[in-house]
Amino acid sequence: MLKASMSEDMHCCVWCLEKKSQAPSWQTIWPVSQDNYLCNTCAEKLVPVGITTCSYCSRPREKPGICYDCERIEKDPDWRGLLDHNVSLYRYNHAMQELIAQWKYRGDAALALIFQQNISQLYEKRYANYIPVPIPLSPQRLHERGFNQAEQLASWTQRPARCLSLLRLRQKQYLFPVTKALTRVLHEEKQSKKTRRERLAATRNPFAFTPAQEVSVNSKNIVLFDDIFTTGMTLRKAAKVLKEHGAKRVCSITLARG
Amino acid sequence: MHFCHVRSPQTGQIICLPESLAEKASIVAGPAVISELPLLPFPSPVSEEPPLFAPDIRSVLYGKELLLDELPFTIHELAALLQSQHMTIRSGLKQTENGFCCQRCHNSAKQFFGVFPCARCGQSCVYCRHCLMMGRISACSALFRWNGPAPPISYEAVCTWEGTFSPGQAQASRAIISTIIQKGERLIWAVCGAGKTEILFPGIEHALQNGGRVLLATPRTDVVVELLPRLQAVFPKTDIIGLYGKSEDKQKTAPLVIATTHQTMRFADAFDTVIIDEVDAFPFSQDKSLVQAVAKAKKQHAALIYLTATPTPALKKRVKNKQLPVTKIPRRFHGYPLPVPRFKWCGYWQKRLENGKLPHSVERWCASHIATNTPAFLFVPSVNVLWKTTEILQKTYPSVMGVHSEDEERQHKVAAFRKGEIPLLVTTTILERGVTVAGVEAAVFGAEAEVFTESALVQIAGRTGRKKETPAGDVVFFHAGKTRAMLDCRRHITAMNEEDAEGGKRNNA
């Protein structure tokens, strides 16, 4: 159970720890949107990727279509068609960098709460019949960090965002549990410490398939979860392993588009 | 990693060891998550010299309390020292009656503790979000402390400063030396521009020569960076380290340490003299974490010196009750009195600002300063007001600039202002301290706002007339209704000036 505060009242912003202004509105009486974890100042710092993005990788663009990098990769026979597409929530701006640094590197696990609502909404709306699979950490990294940020993001698929969507879900009857179908068998340097060229050149696949799971991957759709999409190599390598084991479609939800 | 309490075969004392190092037969409590074990008393220090390989560990850990993640050693390299009690372990979080208390930052407010499923201990783990910047302390983290004899440190100190003190400075510096000798507590209440840093030199020299470690704690990184070369120049033979977020000195030990509040929290039982600069300006000065960080960093008997121009009400109260001796320096080093602020009513300025106009009086003040080439600060209460005011002024005077705390070009703009390239700088309270610009005058626009406390206003007024050549300066508070803070500020300044005029009557309690 993740909590940002042990006190009962939620008057502080989860990120800056300042008191949120509590201007009364009609939501005070009828709280429609769920827990609001950020104060207005912090909420404004996170910029969504926008409406016109590359349809493969979610990179912000001026007109719809496919970006140059994706075009290149889709021509490469080794990488073509592995990852069907990626959806990112936010731009990887300065504020997002700081937030991720505080969350991942300083270990402020509770910051994952900020994305709870957006991720569960996105999952229900577009990926409700996909199996959520988090990108794993190596055991060393997991011990060092104490938690897997991708697993935290994937876990938000397990709670319906609103009462209305609860009703919708009941009709559909698709809700897969978070499935840890992958393990990381290669302990590498952090991706963030590598250049684009180094990332593309690293050909060894750090992921392996974990067979014993409640849900079989065979001919299923899968949605991968990770925090940042930069070149997409990590996600493609993970997708490759899953496709080798019979997965039908593999998409990904990432927090930030680097 | 889990921990146990073990009865030590050598001394019979109960000590805390990691599960992997404990012998099954001698376990008294545990193995468990360290915060769930009962509290142990502090072990008595070990006086035997540690084994040969220990000096590296000692130089990193001496006088500090660190997490295993912060130590460049594995638990197996530390095993022998832990068993011999040259190093001791205690829990990072202490369980209290109604929650937890962080043993590093002393946070015990419930809203600053998070909970997460921890992969290290496999349980729901509470962690402190207050001092997270320094690495996470959770219910399963252990703090390591050096418990053996001190490393050999050279306390050589020769002060090469060759200035002369004003009478007020001379008296304060004598008071500091006697406080250090008596290991007492003292407030040095010196007006802005009294030359506070210099008066510390003789005291620091004395403390070091007598083999005492000295900590100079200051609220901001900028100050550490600025003070380090200055002190190194004054004490060329002394090892000095500066500790702040990105400092490279963190693994070193030195007799003289300059540190930010956060870095102060890492120390334990280390200093014979602690000097706190700008005691009222510490982040979180409202809560007790600084007081407790300093209480932990200093030795049990140590001198504690507070240095400020604007003591907090809490300090003033202690002075008034004769619990805290005080030395005042009411006169600036150049001997001229402090400029007294004047008040100017400027109507309901918010509405005028909405319409894209400044109040006439403010506009006239800005215009006359730009026309006569007098550098001027215009302090505003918030970033929003800052944007609007700068925009309005830039229409007529394009070279006017605005700065705020998150402005990445802050340093450049201040430098340009010093050079005279920017005639008028609009700023939030960020520049209220530490900035010295020759011949500058200051105005506060919207002085009735809550952010302008008495101490903020005194500091702002203290920006003016700091150089000998231009000892006077205009300070105006443009307001829409006088506040208590404004009146207190004026009273504070006139009282200091009167005290000075009375020939330096100082109440040394």
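Excluded from the calculations below are hydrogen atoms, water molecules and symmetry mates; all remaining heavy atoms, backbone and side chain alike, are included. Each chain gets a letter, A, B and so on, in the order its sequence line appears, and its residues count up from 1.
Contact annotation for residues 90-102 of chain B against chain A (heavy-atom separation below 4.5 Å, listed by residue number): B:Phe100.
Side-chain atoms of B:Tyr127 never come within 3.5 Å of backbone atoms of A:Gly107 as a donor-acceptor pair (strictly under, hydrogens ignored). Proximity of a side-chain donor or acceptor of B:Arg120 to a complementary backbone N or O of A:His143 within less than 3.5 Å is detected.
Of the atoms belonging to A:Gln152, not a single heavy atom falls under 4.5 Å from chain B. Heavy atoms of B:Met134 lying under 4.5 Å from chain A are absent altogether.
Interatomic distance, OG of B:Ser138 versus CZ of A:Phe147, reported as 11.0 Å (0.5 Å rounding).
In this structure, A:Gln140 places its CD atom where more than 12 heavy-atom neighbours from other residues, nucleotides or ligands lie under 6.0 Å away. Other residues, nucleotides and ligands place more than 12 heavy atoms under 6.0 Å from the NZ atom of B:Lys388. For CD of B:Glu391, the number of neighbouring non-hydrogen atoms (other residues, nucleotides, ligands) closer than 6.0 Å is 12 at most.
Under the 4.0 Å criterion applied to side-chain N and carboxylate O atoms, A:Asp108 and B:Arg136 are not assigned as salt-bridge partners.
For the pair A:Val14 and B:Arg129, the tightest heavy-atom approach, listed with the atom from each and the gap, is O-NH2, 2.6 Å.
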